[in-house]
Amino acid sequence: MRLSDILRSVVRALKAKYPDYEIYGESVKQGLQLPCFFVYIVPLSSEHGLYLSREAVSVKVVHLQEEKDIEQLYDLRDELKRKFALSLKVKDSDTGRERTLTIPKSETQIIDGDLHFSFPIEFFESEIVEDYEVMQHLIVGMEA
């Protein structure tokens, strides 16, 4: 699974809930339209073994709006918390299968009147080794 698969799933979930909001990546070249969301992923760690790898990332969602209404931000925080509670369904572009990734917690901050919502995701990938010779015969010897 790719990080872009996770990003697409988060954007799709936000678009379904907030169809009139623009959703941007980390940078905007021109013409920011408010209200909007910025969505990006911060890779936290990556561990690799012979047949299994573990990835940990943090998904960041920043909401910007013209009016700095704290009650609206609290309501939005509650909606995001419900939307991203427990799990996120992600279509794995490598396999074509849908995976469900666990969301163990979320964090919220209000910085300069903007809502910063984030949640960690950890997932495992198995490395399938296809270059091996199939065993033909097994000889077992027993000593008395």
Side-chain angles (χ1 to χ4, degrees), residues 1-140:
M1 180 169 31
R2 299 166 192 251
L3 297 184
S4 58
D5 296 336
I6 296 171
L7 187 64
R8 273 192 294 277
S9 294
V10 172
V11 168
R12 194 175 306 116
L14 288 170
K15 265 297 186 200
K17 180 75 176 162
Y18 307 98
D20 297 332
Y21 285 37
E22 289 294 324
I23 300 175
Y24 301 103
E26 285 188 67
S27 63
V28 177
K29 295 187 171 95
Q30 287 182 335
L32 182 69
Q33 294 180 352
L34 299 177
C36 66
F37 290 105
F38 281 89
V39 181
Y40 59 98
I41 293 177
V42 177
L44 299 176
S45 66
S46 187
E47 297 175 24
H48 303 280
L50 186 57
Y51 300 109
L52 189 68
S53 63
R54 182 186 77 75
E55 297 282 340
V57 300
S58 181
V59 177
K60 309 287 187 180
V61 177
V62 179
H63 175 265
L64 304 175
Q65 61 187 18
E66 288 181 37
E67 302 165 13
K68 304 300 181 184
D69 184 343
I70 196 72
E71 286 185 31
Q72 279 184 330
L73 293 176
Y74 290 155
D75 290 343
L76 178 64
R77 178 250 182 215
D78 292 341
E79 291 172 5
L80 290 173
K81 191 175 130 195
R82 280 192 294 277
K83 188 72 177 167
F84 296 105
L86 302 177
S87 65
L88 176 68
K89 291 189 185 299
V90 178
K91 184 171 183 180
D92 187 332
S93 62
D94 291 332
T95 65
R97 293 181 296 177
E98 185 174 82
R99 295 177 59 177
T100 301
L101 304 179
T102 302
I103 299 174
K105 66 179 182 173
S106 64
E107 296 178 1
T108 307
Q109 291 181 306
I110 297 174
I111 302 172
D112 295 330
D114 301 322
L115 182 78
H116 293 250
F117 180 82
S118 64
F119 54 91
I121 291 181
E122 183 176 291
F123 61 95
F124 293 86
E125 293 281 308
S126 62
E127 303 295 326
I128 299 173
V129 178
E130 295 184 19
D131 271 351
Y132 59 88
E133 186 177 331
V134 177
M135 181 172 53
Q136 300 295 319
H137 302 282
L138 177 63
I139 300 171
V140 179

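Below, all heavy atoms of this structure are taken into account, side chains as well, without hydrogens, waters or symmetry copies.
- In this structure, CZ in Arg77 is found 11.0 Å from CD in Glu107, a value given to the nearest 0.5 Å.
- Contact check for Pro104 versus Pro120: side-chain heavy atoms found under the 4.5 Å cut-off.
- By the neighbour-count criterion of 12 heavy atoms within 6.0 Å, atom CD of Glu71 is sparsely surrounded, having that number or fewer from other residues, nucleotides or ligands.
- Side-chain atoms of Lys81 do not come within 3.5 Å of backbone N or O of Leu76 as any donor-acceptor pair.
- Note that CD1 of Ile110 is 5.0 Å distant from CG of Leu73, once rounded to the nearest 0.5 Å.
- Of all heavy-atom pairs spanning Ile23 and Val11, the tightest one is CD1-O, 3.8 Å.
- For Val90 against Ile6, the heavy-atom pair with the smallest separation is CG1-N, 3.9 Å.
- In this structure, OH in Tyr74 is found 15.5 Å from CD in Glu79, a value given to the nearest 0.5 Å.
- Sorted by first and then second residue, the side chain to side chain donor-acceptor pair (under 3.5 Å) pairs with a member in residues 108-122 read Arg54-Glu122, Lys68-Asp114; sequence neighbours excluded.
- Of the inter-residue distances, the one linking Arg2 atom CZ with Glu55 atom CD reads 12.5 Å to the nearest 0.5 angstrom.
- Atoms NZ and CZ, on Lys91 and Arg12 in that order, are 8.5 Å from each other to the nearest 0.5 Å.
- Heavy atoms only, all atoms of each residue included: Lys105 and Phe119 are closest at O-CB, 3.3 Å.
- The two atoms that bring Asp94 and Met1 nearest to each other are OD2-N, 3.5 Å, heavy atoms only.
- Of all non-hydrogen atoms in Cys36 and Tyr24, the two that sit nearest each other are CB-CE1, 3.6 Å.
- Shown are Phe117, Tyr21, Tyr18; of these, the ring pair (Phe, Tyr, Trp, His ring centres under 6.0 Å) with His63 is made only by Tyr21.
- A salt bridge links Arg8 to Asp5: at least one charged side-chain nitrogen sits closer than 4.0 Å to a carboxylate oxygen.
- In this structure, the side chains of Lys89 and Ser9 stay at 4.5 Å or more apart for every pair of heavy atoms.
- To the nearest 0.5 Å, the span separating CG on Asp75 from CG on Leu80 amounts to 11.0 Å.
- With a 6.0 Å radius and a threshold of 12 heavy atoms from other residues, nucleotides or ligands, Leu86 has its CG atom at or below the threshold.
- Every residue was checked against the side chain to side chain donor-acceptor pair (under 3.5 Å) condition with Ser4, not counting sequence neighbours, and none meets it.
- Val57 and Pro43 get closest at one heavy-atom pair: CG1-CA, 4.0 Å.
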